[in-house]
Amino acid sequence: MLSVNTNIGLMIGQRGLLNAQSVINQAAERLMTGKRINRASDDPAGMVAVNEFAAQIKILEAKIEGFNLEEARLGAKEGALSVINDLLIELDGLVVTAANTGAMAEPDREALQVQADSILEALDYVYTNAKFRGERLFSGLF
């Protein structure tokens with residue numbers, strides 16, 4: 001006759017030890033990663049929520065990057081407009097000075113015209129060549 005002796009107490013103890021090791025391993029993993037949910041088995045509904053939040057974060061990060069790029073483009077355009085504004089103010093001063101024909105000789109008016117032509121060329125240059133990442137800033141305005 002064959003008999004099998006089993007120690008039920010030992011088997012219950014081993015099962016308890018395995019459960020405790022599993023809990024310790026999970027706690028250690030959470031400590032190492034800093035996350036409460038590391039896999040779907042930790043919290044299936046929570047994992048779905050985490051994945052949805054991660055996707056939303058990626059979308060928001062892309063939008064923020066787009067806004068930062070647009071801010072930089074507008075900054076470049078503002079700088080070019082500031083240069084254009086300064087040139088137009090200078091040109092306005094020349095026009096007012098040249099309009100005073102009684103106090104100015106012909107060579108002086110010719111010098112003002114040369115200066116005005118230079119300002120107009122500078123305006124055209126800024127308008128045509130102001131770019132941000134290869135894109136013209138003032139394309140399609142006129």
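What's counted below: heavy atoms across the whole structure, side chains too, no hydrogens, waters or symmetry copies.
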**Report entry** Val126 to Ala80 - nearest heavy-atom pair and separation
**Finding:** CG1-O, 4.0 Å

**Report entry** CD1-CD1 distance between Ile84 and Ile119, expressed to the nearest 0.5 angstrom
**Finding:** 13.0 Å

Requested in this report: Test Glu90 against Asp86 for side-chain contact (heavy atoms from CB on, under 4.5 Å), laying out the working first.
Outcome: CA-CA 6 Å; Glu90 187 177 349; Asp86 292 346; over 6 Å; no

Query raised in the report: Crowded around Glu70 CD? As in, over 12 foreign heavy atoms under 6.0 Å?
Result: yes

Report task. Determine yes or no for a side-chain-to-main-chain donor-acceptor pair under 3.5 angstrom, with Ser22 supplying the side chain and Leu18 the backbone. Result -> no

Report summary line: The reported gap from CG in Leu88 to CG in Leu120 (rounded to nearest 0.5 angstrom) is 9.0 Å

**Report entry** Interatomic distance, Asn100 atom CG to Arg109 atom CZ [nearest 0.5 angstrom]
**Finding:** 9.5 Å

Report summary line: Separation between OG1 (Thr97) and CG (Asp92), nearest 0.5 Å, reads 9.0 Å

Query - Single-linkage hydrophobic cluster Val83~Phe138, side-chain heavy atoms < 4.5 angstrom - result: yes

Report summary line: The reported gap from CG in Leu94 to CD in Gln113 (rounded to nearest 0.5 angstrom) is 9.5 Å

Query raised in the report: Step by step, would you call Phe132 with Leu74 a side-chain contact (heavy atoms from CB on, under 4.5 Å)?
Result: CA-CA 9 Å; Phe132 178 75; Leu74 289 174; over 6 Å; no

Report task. Step by step, work out the side-chain contact (heavy atoms from CB on, under 4.5 Å) result for Ile64 and Glu61. Result -> CA-CA 5 Å; Ile64 289 170; Glu61 286 174 345; 5.6 Å; no

Requested in this report: Please round to the nearest 0.5 Å and tell me the distance separating atom CG of Leu112 and atom CG of Asp117.
Outcome: 11.0 Å

Query raised in the report: Can you name the nearest heavy-atom pair linking Ala116 to Leu91, along with the distance?
Result: CB-CD1, 3.7 Å

Requested in this report: Inspect the surroundings of CD in Gln21 and state if more than 12 heavy atoms from other residues, nucleotides or ligands are less than 6.0 Å away.
Outcome: yes

Requested in this report: For side-chain contact (heavy atoms from CB on, under 4.5 Å), just list the numbers for Arg133 and Arg73, CA-CA rounded to whole Å, side-chain angles, deciding distance to a tenth of an Å, and then say yes or no.
Outcome: CA-CA 8 Å; Arg133 291 189 163 192; Arg73 189 184 73 73; over 6 Å; no

